[in-house]
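The next block holds one structure in the form of C-alpha coordinates; read it before the comments.
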Amino acid sequence: MDKAVLKEAYVQTMSNYSPHLTHAVTLTFKTRALISPQDFSKCNTPKDDIWRSCKRYQSGYQWDAKPDLREWRYLNEEVAESTLRYFYARLSFLAFGKDAKRVSTKNFSNPLMIASIEGSSRGRRLHAHLAIGNLPGHIDIRNAIERAWFSCDFANQQIKITPLNNEVGWLTYISKEIDLGRVDALKIQSIREPQSYLNPLA
(Lines give C-alpha, C1' and ligand atoms only; values in the text may rest on other atoms or scores of the structure.)
Protein backbone atom coordinates (compact mmCIF):
# COMPACT_ATOMS: atom_id res chain seq x y z
CA MET A 1 0.00 0.00 0.00
CA ASP A 2 1.17 3.50 -0.80
CA LYS A 3 2.68 5.23 2.27
CA ALA A 4 0.55 8.33 1.87
CA VAL A 5 -2.63 6.25 1.63
CA LEU A 6 -1.63 4.18 4.67
CA LYS A 7 -0.81 7.29 6.69
CA GLU A 8 -4.14 8.88 5.80
CA ALA A 9 -5.96 5.70 6.84
CA TYR A 10 -4.17 5.63 10.19
CA VAL A 11 -4.87 9.29 10.86
CA GLN A 12 -8.52 8.77 9.98
CA THR A 13 -8.73 5.81 12.38
CA MET A 14 -7.13 7.77 15.22
CA SER A 15 -9.32 10.79 14.48
CA ASN A 16 -12.26 8.85 15.91
CA TYR A 17 -10.73 9.68 19.30
CA SER A 18 -10.42 13.41 18.57
CA PRO A 19 -13.38 14.47 20.75
CA HIS A 20 -11.65 12.93 23.76
CA LEU A 21 -8.08 14.15 23.17
CA THR A 22 -6.93 17.16 25.19
CA HIS A 23 -3.11 17.26 25.34
CA ALA A 24 -0.11 16.78 23.08
CA VAL A 25 2.91 15.42 24.96
CA THR A 26 6.51 14.79 23.90
CA LEU A 27 8.72 12.68 26.17
CA THR A 28 12.45 12.09 25.72
CA PHE A 29 14.16 8.95 27.00
CA LYS A 30 17.52 8.60 28.69
CA THR A 31 19.96 6.44 26.75
CA ARG A 32 20.75 4.46 29.89
CA ALA A 33 19.55 4.22 33.47
CA LEU A 34 20.90 2.86 36.75
CA ILE A 35 18.35 0.24 37.80
CA SER A 36 17.97 -1.18 41.29
CA PRO A 37 17.17 -4.90 41.61
CA GLN A 38 13.82 -5.90 43.02
CA ASP A 39 13.69 -5.87 46.79
CA PHE A 40 12.37 -8.60 49.07
CA SER A 41 8.86 -7.18 49.29
CA LYS A 42 7.35 -9.98 47.22
CA CYS A 43 9.44 -12.74 48.73
CA ASN A 44 7.74 -15.11 51.16
CA THR A 45 10.93 -15.48 53.19
CA PRO A 46 11.42 -12.74 55.80
CA LYS A 47 14.30 -10.45 54.84
CA ASP A 48 16.10 -11.04 58.17
CA ASP A 49 16.10 -14.79 57.52
CA ILE A 50 17.65 -14.22 54.10
CA TRP A 51 20.46 -12.12 55.57
CA ARG A 52 21.08 -14.70 58.31
CA SER A 53 21.36 -17.39 55.66
CA CYS A 54 23.75 -15.26 53.60
CA LYS A 55 25.95 -14.58 56.62
CA ARG A 56 25.99 -18.26 57.52
CA TYR A 57 27.13 -19.52 54.12
CA GLN A 58 29.23 -16.51 53.15
CA SER A 59 30.77 -15.72 56.51
CA GLY A 60 33.91 -14.18 55.01
CA TYR A 61 31.95 -11.37 53.34
CA GLN A 62 31.49 -8.02 55.04
CA TRP A 63 27.71 -8.22 55.31
CA ASP A 64 27.47 -5.06 57.36
CA ALA A 65 28.53 -3.11 54.28
CA LYS A 66 25.77 -2.13 51.88
CA PRO A 67 27.03 -2.72 48.35
CA ASP A 68 25.50 -0.83 45.46
CA LEU A 69 23.54 -3.53 43.65
CA ARG A 70 22.28 -1.24 40.91
CA GLU A 71 23.30 -1.90 37.34
CA TRP A 72 23.22 0.03 34.09
CA ARG A 73 20.48 -0.82 31.60
CA TYR A 74 20.51 0.58 28.09
CA LEU A 75 17.65 1.96 26.06
CA ASN A 76 16.14 0.20 23.08
CA GLU A 77 12.64 0.24 21.59
CA GLU A 78 11.47 -2.64 23.77
CA VAL A 79 12.57 -0.74 26.89
CA ALA A 80 10.93 2.42 25.56
CA GLU A 81 7.61 0.60 25.08
CA SER A 82 7.87 -0.90 28.58
CA THR A 83 8.58 2.57 29.98
CA LEU A 84 5.46 3.96 28.31
CA ARG A 85 3.38 1.15 29.81
CA TYR A 86 4.65 2.06 33.27
CA PHE A 87 4.07 5.75 32.57
CA TYR A 88 0.46 4.99 31.62
CA ALA A 89 -0.09 2.95 34.79
CA ARG A 90 1.30 5.77 36.94
CA LEU A 91 -0.75 8.40 35.12
CA SER A 92 -3.90 6.31 35.61
CA PHE A 93 -3.29 6.13 39.35
CA LEU A 94 -2.36 9.80 39.72
CA ALA A 95 -5.41 10.90 37.73
CA PHE A 96 -8.04 8.50 39.03
CA GLY A 97 -6.58 6.91 42.17
CA LYS A 98 -8.08 3.56 43.14
CA ASP A 99 -10.96 4.13 40.73
CA ALA A 100 -8.58 3.02 37.95
CA LYS A 101 -8.70 -0.52 39.39
CA ARG A 102 -12.03 -0.61 41.22
CA VAL A 103 -14.48 -2.93 39.43
CA SER A 104 -17.35 -0.44 39.52
CA THR A 105 -15.35 2.47 38.07
CA LYS A 106 -12.36 1.14 36.09
CA ASN A 107 -14.27 0.97 32.79
CA PHE A 108 -14.17 4.75 32.47
CA SER A 109 -11.41 5.71 34.95
CA ASN A 110 -8.36 5.43 32.72
CA PRO A 111 -6.67 7.91 30.39
CA LEU A 112 -6.75 7.72 26.62
CA MET A 113 -3.24 7.54 25.13
CA ILE A 114 -2.04 7.23 21.54
CA ALA A 115 1.74 6.90 21.18
CA SER A 116 4.46 7.08 18.56
CA ILE A 117 8.11 6.25 19.32
CA GLU A 118 10.59 8.01 17.04
CA GLY A 119 14.31 8.51 16.61
CA SER A 120 15.82 5.10 15.95
CA SER A 121 15.68 5.34 12.16
CA ARG A 122 17.54 8.67 12.03
CA GLY A 123 20.14 8.11 14.73
CA ARG A 124 18.45 10.55 17.08
CA ARG A 125 17.63 10.15 20.75
CA LEU A 126 14.51 8.05 21.18
CA HIS A 127 11.46 10.10 22.08
CA ALA A 128 7.73 9.56 22.21
CA HIS A 129 4.89 11.71 20.94
CA LEU A 130 1.60 11.17 22.76
CA ALA A 131 -1.97 12.27 22.29
CA ILE A 132 -3.65 12.09 25.69
CA GLY A 133 -7.22 12.56 26.86
CA ASN A 134 -9.94 11.46 29.26
CA LEU A 135 -8.29 13.04 32.27
CA PRO A 136 -10.41 14.49 35.09
CA GLY A 137 -10.96 18.23 34.81
CA HIS A 138 -10.40 18.84 38.52
CA ILE A 139 -6.77 17.66 38.59
CA ASP A 140 -3.58 19.51 37.66
CA ILE A 141 -3.04 17.65 34.38
CA ARG A 142 0.44 19.01 33.71
CA ASN A 143 1.58 18.03 37.20
CA ALA A 144 0.09 14.53 36.87
CA ILE A 145 1.81 13.92 33.54
CA GLU A 146 5.15 15.22 34.81
CA ARG A 147 4.99 13.15 38.02
CA ALA A 148 4.07 10.01 36.09
CA TRP A 149 6.94 10.53 33.64
CA PHE A 150 9.62 11.40 36.19
CA SER A 151 8.80 8.24 38.14
CA CYS A 152 10.09 6.22 35.17
CA ASP A 153 13.71 5.00 35.23
CA PHE A 154 14.39 6.12 31.65
CA ALA A 155 12.73 9.54 31.93
CA ASN A 156 14.83 12.37 30.57
CA GLN A 157 14.15 15.86 31.89
CA GLN A 158 12.99 17.03 28.45
CA ILE A 159 9.20 17.02 28.38
CA LYS A 160 6.70 19.15 26.50
CA ILE A 161 2.99 19.32 27.36
CA THR A 162 0.63 21.41 25.24
CA PRO A 163 -3.18 21.67 25.25
CA LEU A 164 -4.53 20.37 21.94
CA ASN A 165 -6.43 22.72 19.67
CA ASN A 166 -5.84 20.84 16.40
CA GLU A 167 -6.25 17.15 17.10
CA VAL A 168 -6.03 15.96 13.49
CA GLY A 169 -2.92 18.08 12.89
CA TRP A 170 -1.16 16.50 15.88
CA LEU A 171 -2.22 12.97 14.89
CA THR A 172 -0.86 13.63 11.41
CA TYR A 173 2.42 14.88 12.87
CA ILE A 174 2.95 11.83 15.12
CA SER A 175 2.34 9.61 12.08
CA LYS A 176 5.23 11.10 10.10
CA GLU A 177 7.49 8.06 10.56
CA ILE A 178 5.20 6.23 8.12
CA ASP A 179 6.67 8.48 5.41
CA LEU A 180 10.04 6.81 6.16
CA GLY A 181 8.57 3.31 6.02
CA ARG A 182 8.47 2.88 9.79
CA VAL A 183 4.84 1.93 10.24
CA ASP A 184 5.64 0.23 13.56
CA ALA A 185 6.72 3.55 15.10
CA LEU A 186 3.05 4.45 15.46
CA LYS A 187 1.66 2.14 18.14
CA ILE A 188 -1.74 1.92 16.48
CA GLN A 189 -2.43 -1.53 17.96
CA SER A 190 -1.44 -0.40 21.45
CA ILE A 191 -3.84 2.51 21.87
CA ARG A 192 -4.73 2.68 25.56
CA GLU A 193 -8.27 3.70 26.25
CA PRO A 194 -11.03 3.36 28.84
CA GLN A 195 -13.04 0.19 28.40
CA SER A 196 -16.17 2.33 28.09
CA TYR A 197 -14.92 3.62 24.72
CA LEU A 198 -15.19 0.08 23.37
CA ASN A 199 -18.75 -0.34 24.59
CA PRO A 200 -21.32 1.56 22.54
CA LEU A 201 -23.83 1.18 25.36
CA ALA A 202 -21.54 2.80 27.98
Side-chain angles (χ1 to χ4, degrees), residues 1-33 73-92 95 107-108 110-135 141-142 144-146 148-150 152-200 202:
M1 182 182 293
D2 181 79
K3 294 176 184 177
V5 174
L6 182 60
K7 180 178 178 180
E8 182 179 356
Y10 275 14
V11 171
Q12 185 174 355
T13 297
M14 293 186 294
S15 294
N16 292 325
Y17 295 101
S18 291
H20 307 289
L21 296 171
T22 58
H23 287 78
V25 180
T26 298
L27 308 172
T28 305
F29 298 90
K30 292 179 180 177
T31 56
R32 65 173 186 169
R73 301 286 178 83
Y74 293 86
L75 181 67
N76 54 41
E77 287 211 32
E78 183 179 352
V79 170
E81 290 182 19
S82 175
T83 299
L84 287 184
R85 287 194 295 271
Y86 182 76
F87 164 77
Y88 180 82
R90 290 293 301 153
L91 182 60
S92 296
N107 283 353
F108 51 85
N110 279 292
L112 168 64
M113 187 175 87
I114 303 173
S116 174
I117 298 177
E118 303 180 3
S120 61
S121 64
R122 289 176 280 184
R124 299 171 58 192
R125 184 188 290 268
L126 277 182
H127 57 281
H129 294 304
L130 312 177
I132 289 180
N134 196 52
L135 293 172
I141 293 177
R142 174 177 294 274
I145 292 173
E146 288 179 345
W149 177 238
F150 293 138
C152 300
D153 290 321
F154 281 88
N156 188 279
Q157 293 296 311
Q158 291 177 290
I159 179 172
K160 185 176 181 181
I161 305 168
T162 308
L164 268 176
N165 51 30
N166 181 0
E167 293 83 2
V168 174
W170 179 246
L171 294 173
T172 301
Y173 177 78
I174 70 175
S175 305
K176 64 182 181 297
E177 290 285 296
I178 295 176
D179 297 333
L180 302 176
R182 290 200 66 240
V183 179
D184 59 332
L186 184 63
K187 307 305 176 185
I188 194 72
Q189 296 181 348
S190 300
I191 293 176
R192 300 186 177 276
E193 58 187 306
Q195 186 67 25
S196 60
Y197 285 12
L198 303 176
N199 184 358

Report the distance from atom [atom1] of [X] to atom [atom2] of [Y], rounding to the nearest 0.5 Å.
X    : Y    : atom1 : atom2 : value
N76  : F29  : CG    : CZ    : 10.5 Å
L21  : I114 : CG    : CD1   : 5.0 Å
I145 : H23  : CD1   : NE2   : 6.0 Å
L135 : M113 : CG    : CE    : 11.0 Å
R192 : N134 : CZ    : CG    : 15.0 Å
L126 : E77  : CG    : CD    : 6.0 Å

Testing the basics here: between [X] and [Y], what is the closest heavy-atom pair and its distance to 0.1 Å?
X    : Y    : result
Y88  : E193 : OH-N, 4.1 Å
R125 : T28  : CD-CG2, 3.0 Å
W149 : A155 : O-CB, 3.0 Å
F150 : N156 : CE2-O, 3.7 Å
A80  : I117 : CB-CD1, 4.0 Å
T22  : G133 : OG1-CA, 3.7 Å

Problem - Residue E81 excluded, over 12 heavy atoms near CD under 6.0 Å - result: yes
Handout entry: Check: S15 side chain, V11 main-chain N or O, donor-acceptor pair, under 3.5 Å
Key =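 Present.
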Exercise for the section: Measure from the side-chain N and O atoms of S116 to the backbone N and O of I174, and report whether any donor-acceptor pair falls under 3.5 Å. Expected result: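 Confirmed, S116 side chain pairs with I174 backbone.
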Could you pull out every donor-acceptor pair under 3.5 Å between side chains of residues 158-169 and any protein atom, sequence neighbours left out?
from, atom 1, to, atom 2, distance (Å)
N166, OD1, G169, N, 3.0

Fill in the blank from the handout: Taken in chain and number order and not counting sequence neighbours, the residues that satisfy side-chain hydrogen bond (donor to acceptor under 3.5 Å, both in side chains) with T31 are none
Problem - Heavy-atom check, side chain of D153 versus side chain of V79, under 4.5 Å - result: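 They are not in contact (no side-chain heavy atoms under 4.5 Å apart), so the answer is no.
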Problem - Flag side-chain contact, heavy atom, 4.5 Å: L186 against M14 - result: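 L186 reaches M14 side chain to side chain.
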Exercise for the section: Report the C-alpha distance between L171 and S18 in whole Å, list the side-chain angles of each, state the deciding distance to 0.1 Å, and finish with yes or no for side chain to side chain contact (heavy atoms under 4.5 Å, CB included). Expected result: CA-CA 9 Å; L171 294 173; S18 291; 4.1 Å; yes
Exercise for the section: Evaluate the ring planes of H129 and H127, with Trp represented by its six-membered ring, and classify them as parallel (under 30°), tilted (30 to 60°) or perpendicular (over 60°). Expected result: perpendicular
Problem - Qualifying residue, where the test is side chain to side chain donor-acceptor pair (under 3.5 Å) with E118 and the options are R182, K176, R124 - result: K176
Exercise for the section: Mind running side chain to side chain contact (heavy atoms under 4.5 Å, CB included) on I191 and L112 for me, showing each step along the way? Expected result: CA-CA 8 Å; I191 293 176; L112 168 64; 4.1 Å; yes
